[in-house]
Protein chains: 2
Amino acid sequence: MKIGELAKRTGCSVQAIRYYEKENLLPSTRRSDGNFRLYDESYIEQLSFIRLCRGLDLSLSEVRQLLSLKNSPGADCDEVNYMMEAHIQQVEARINDLMELNDQLRALRSYCSDQQTVENCGILQSLSSSVDDRPTGDTHDRHNGATFSG
Amino acid sequence: MKIGELAKRTGCSVQAIRYYEKENLLPSTRRSDGNFRLYDESYIEQLSFIRLCRGLDLSLSEVRQLLSLKNSPGADCDEVNYMMEAHIQQVEARINDLMELNDQLRALRSYCSDQQTVENCGILQSLSSSVDDRPTGDTHDRHNGATFSG
DNA sequence: ATTGACTCTATAGTCACTATAGAGTTTAGA
DNA sequence: TCTAAACTCTATAGTGACTATAGAGTCAAT
């Protein structure tokens with residue numbers, strides 16, 4: 001099958017497949033006379049594995065590690081466990097950050113009732129004022145996990 | 001003060017400050033004879049506003065909107081409210097996605113007990129097997145909110 | 001005069017792709 | 001057989017919010 005069919009059958013974009021190949025997550029295939037990539041059924045499984053991992057938010061480098069572990073069946077699977085554990089902790093940390101963030105956003109929203117002008121908008125006031133009444137800005141613990149880390 | 005001091009006093013990197021200037025989030029300053037940027041105290045407040053918004057995960061384009069609203073005090077603040085509401089919903093959707101994800105990861109982790117080989121690793125098996133026993137892969141609802149949207 | 005700390009601009013890199021340009025290939029219908 | 005549409009190819013640029021680096025200039029202290 002050609003790349004378009006593989007894309008359709010895996011729910012993946014054509015460019016993503018080419019990208020995975022370039023990044024050595026998928027082995028390169030044979031080509032047709034016209035230089036089109038030709039895939040057999042086994043690629044559906046391989047690509048689905050990648051998509052499944054990505055759906056779990058694993059990075060491509062983590063997926064690469066899992067793939068190489070898959071190919072050495074005798075190795076013990078501590079590494080897999082370790083990676084999953086680390087990933088779970090990352091996800092949970094991110095959830096905690098976002099929930100804290102959500103509290104702050106909701107508090108902020110409550111400062112502004114409708115039908116006011118920007119001049120009196122509690123949200124903007126609250127975002128603007130927090131500097132003046134604090135000594136240097138170093139003393140309050142800054143929420144530092146909110147920006148995307150990767 | 002020069003850029004380094006501003007950076008220290010706001011907890012911001014020097015490059016980030018230059019970036020904000022380039023992106024028109026901070027007005028450009030006067031320069032010294034040697035072409036160094038010179039800031040007065042008001043920049044601390046302006047930069048802190050930006051950092052605070054970023055700490056709430058607002059995008060720079062959202063921050064830009066807020067800044068322009070701040071500068072038109074007579075306007076009504078519906079826009080601010082609308083933006084905050086949209087942002088809160090985004091954050092909450094992301095939290096839900098991550099919590100679902102977390103359930104899946106924990107389930108996956110439970111499939112593999114220690115001291116096994118990769119060959120028998122329940123995690124890898126479970127990531128690999130889910131294709132063969134399903135018709136096309138289209139029927140099961142794919143978790144599609146896990147990848148970062150921005 | 002020189003060292004070291006700071007600053008400048010410009011450019012490349014990050015991540016996991018998406019989007020586009022410009023070219024070639026294949027397939028279906030007239 | 002011609003042609004148009006649909007597909008594929010490579011290469012390159014763009015996304016967001018920065019960070020990191022190179023190579024040069026500036027400034028303060030010794």
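Atom set for the values below is all heavy atoms of this structure, side chains included, hydrogens, waters and symmetry mates excluded. Below, chains carry the letters A, B, ... as their sequence lines are ordered, and counting in each starts from 1.
Summarising the geometry, the separation between CD1 on Ile17(A) and P on dA16(C) is reported as 17 Å, rounded to the nearest angstrom. Separating the CZ atom of Arg30(A) from the P atom of dT8(D) is a distance of 15 Å, rounded to the nearest angstrom. Residue Asn24(B) contributes atom CG, which lies 14 Å from atom P of dA17(D) at whole-angstrom precision. Asp57(B) places its CG atom 14 Å from the C1' atom of dC18(D), with the value rounded to the nearest Å. Separating the CD atom of Gln15(A) from the C1' atom of dC15(C) is a distance of 16 Å, rounded to the nearest angstrom. Summarising the geometry, the separation between OH on Tyr39(A) and P on dC7(D) is reported as 16 Å, rounded to the nearest angstrom. Going from atom CG of Leu25(A) over to atom P of dC15(C) covers 13 Å, rounded to whole Å. Atom CZ in Arg31(A) sits roughly 13 Å away from atom C1' in dG24(C) (whole-Å rounding).
Across dT8(D), dC6(C), dT10(D), the shortest atom-to-atom separation from the side chain of Phe36(A) is found for dT8(D). Nearest nucleotide to the side chain of Ser59(A), out of dT26(C), dA16(C), dA17(D): dA16(C). Looking at the side chain of Ile3(A), the nearest of the listed nucleotides dT19(D), dC9(D), dC8(C) is dC9(D).
Residue order along DNA chain D, read from the 5' end via each residue's closest nucleotide, puts Lys22(A) first among Ile50(B) and Lys22(A). Place Leu60(B) and Glu5(A) on DNA chain D by their nearest nucleotides, and Glu5(A) ends up nearer the 5' end. Residue-to-nucleotide proximity on DNA chain C shows that, of Ser13(A) and Gly4(B), the 5′-proximal contact is made by Gly4(B). Annotation: of the two residues near DNA chain C, Val14(A) and Asn35(A), the 5′-most nearest-nucleotide partner is Val14(A).
Side-chain atoms of Arg54(A) do not come within 3.5 Å of backbone N or O of Val63(A) as any donor-acceptor pair. Within the 3.5 Å criterion, the main-chain N or O of Ser59(A) finds a donor-acceptor partner in the side chain of Glu62(A). In this structure a side-chain-to-backbone donor-acceptor pair under 3.5 Å is present from His87(A) to Leu56(A).
For Tyr20(A) and dC17(C), the shortest distance from a side-chain N or O to OP1 or OP2 is below 4.0 Å. A close approach under 4.0 Å does not occur between any side-chain nitrogen or oxygen of Tyr19(A) and OP1 or OP2 of dC15(C). Residue Arg54(A) has a polar side-chain atom (N or O) positioned under 4.0 Å from OP1 or OP2 of dC17(C). For dT8(D), the OP1/OP2 oxygens have no side-chain nitrogen or oxygen of Arg37(A) closer than 4.0 Å.
Counting only N and O atoms by type, the side chains of Arg9(B) and Tyr43(B) include no donor and acceptor under 3.5 Å apart.
Of all non-hydrogen atoms in Ile50(B) and Leu25(B), the two that sit nearest each other are CD1-O, 3.7 Å. Summarising the geometry of Arg51(A) relative to Gly11(A), their closest heavy-atom pair is NH2-O, 3.9 Å, with the distance given to 0.1 Å.
Five base pairs at each end of the helix from dA1(C)-dT30(D) to dA30(C)-dT1(D) define two local axes, and these are offset by 30° (rounded to 10°).
Heavy atoms of Arg18(A) sit under 4.0 angstrom from at least one base atom.
Residues Met99(B) and Leu105(A) share a single hydrophobic cluster, defined by chaining ILVMFWY side chains whose heavy atoms lie under 4.5 Å apart. Hydrophobic clustering of Ile, Leu, Val, Met, Phe, Trp and Tyr side chains at less than 4.5 Å, counting indirect connections, unites Tyr19(B) with Val14(B).
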